[in-house]
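Worksheet: the structure to be examined is printed underneath.
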2 protein chains.
Amino acid sequence: MAAVKETSTIQENKQYALEKCPVTYAMEKIGGYWKPIILYHLSIGDKRYSEIKKAIPAITEKVLIQHLKQLEADNLVIREALPVVPPHVTYKLSTSGKGLIPVIGAMATWAIEESNGMYSHL
Amino acid sequence: MAAVKETSTIQENKQYALEKCPVTYAMEKIGGYWKPIILYHLSIGDKRYSEIKKAIPAITEKVLIQHLKQLEADNLVIREALPVVPPHVTYKLSTSGKGLIPVIGAMATWAIEESNGMYSHL
DNA sequence: ATTGATACATACTTTGGGGTAAGTACTTGT
DNA sequence: ACAAGTACTTACCCCAAAGTATGTATCAAT
């Protein structure tokens, strides 16, 4: 019967996040479709803006810069801009961002095994 | 200048997924805000529908069942229904789903370290 | 007869994340 | 003078995911 409600929406959820479920906390920072993909490419090595764009052709520039700003605000990536023209901006993982490499790595490993049918024979 | 386009949208992205970025493949299956959270609670142990709901109060029943169906279709969780009344339905990780435990575990570990400021001093 | 519990289903509305398209600043190359 | 390249910004739109609310089947207990 669903009661009436009490608590709902992702925003309100942010409070009790860590206590009950650390994964919820993580999803606040790296949730969404694109962020792990961006982090993956940065885990391979530092990249310029245009290089990230080339590595992920399907992402639009707006969404890319949007997520890069967010990741920077969340202290997961560091933006380094050289004051030259044309601009030269490099993105790299922060210490905290590097802490996510095991997560990204585990995802990549699972994806390869799963797609190879390693789990399919029951 | 954004060219004209060529390829775009998440759907079309599914093709070249694995070759260039295994993480993209993984995101097709466990992407989104709620799925990793659900998988986390199932990684703790098998749970009935109502138990999952209690573990994640902020999720609505519609969204919960919706994701459970999707996870079942993607062969990550197994649904076991006992033909009794009132119904008794248990959800558990499949073999493939268990392969995600390292991913979920790494996320939880990172979340705890990050929230404790372990990465913040620099 | 009504309530309660379980595990959903379904219609309807909303919102914000993502997509499209175009513009900006500054300089180098032709 | 004009195009090209870099790293963005801005305005507008759209749809799918999420939220709201209510309904359903079945039986046991009061």
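Just so we're on the same page: letters track the sequence lines, and every chain starts at 1. Only this structure's heavy atoms are used, side chains among them; waters, hydrogens and symmetry mates stay out.
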Tell me yes or no: between the side chains of B/E80 and B/T90, is some donor less than 3.5 Å from an acceptor? no
Between C/dG18 atom C1' and A/I56 atom CD1, what is the distance in whole Å? 15 Å
Min side-chain heavy-atom separation B/L39-B/I30 under 4.5 Å: yes
Here the residues of residues 45-53 of chain A within 4.0 Å heavy-atom distance, strictly under, of DNA chain C are none
Would you say that A/Q70 contacts A/K29 through its side chain, given a criterion of any heavy-atom pair below 4.5 Å between the two side chains? no
Point-to-point distance, once rounded to the nearest 0.5 Å, from CG of B/D46 to CG of B/L42: 7.5 Å
Side-chain donor-acceptor pairs under 3.5 Å in residues 47-57 of chain B, sequence neighbours left out?
residue : atom : partner : partner atom : Å
B/K47   : NZ   : B/H41   : O            : 3.0
B/R48   : NH2  : B/P87   : O            : 3.2
B/Y49   : OH   : B/E61   : OE1          : 3.4
B/E51   : OE1  : B/R48   : N            : 2.7
B/K53   : NZ   : B/P57   : O            : 3.3
B/K53   : NZ   : B/I59   : O            : 3.3

Taking the side chain as everything from C-beta on, heavy atoms only, tell me whether A/C21 gets closer than 4.5 Å to B/I37. yes
Heavy-atom nearest pair, B/M27 first then A/G32, reads CE-O, 3.1 Å
In whole angstrom, what separates B/E28's CD from D/dA16's P? 15 Å
Has the side chain of B/K62 got a donor or acceptor atom sitting under 3.5 Å from an opposite partner on the base of D/dA18? yes
Among residues 85-94 of chain A, which contact DNA chain C at a heavy-atom distance under 4.0 Å? A/V85
Rounding to a whole Å, what distance do you find between A/Y33:OH and D/dA17:P? 13 Å
Close side-chain approach of B/V77 and B/K92, heavy atoms under 4.5 Å: no
Taking distance alone, no hydrogens or angles, what donor-acceptor pairs closer than 3.5 Å link side-chain atoms of residues 101-109 of chain A to residues at least two apart or in another chain?
residue : atom : partner : partner atom : Å
A/T109  : OG1  : A/G105  : O            : 2.9

Near DNA chain C, under 4.0 Å by heavy atom, which residues of residues 63-80 of chain B? B/I65, B/K69, B/R79
Whole-Å distance separating the CD1 atom of A/I59 from the P atom of C/dG17: 14 Å
Co-members of the apolar cluster containing B/V84 [side chain, <4.5 Å]: B/L82
If the plane angle is over 60° it's perpendicular, under 30° parallel, otherwise tilted; pick one for B/W110 and B/Y119. parallel
For B/L82 and D/dA25, what is the distance between atoms CG and C1' respectively, to the nearest whole Å? 17 Å
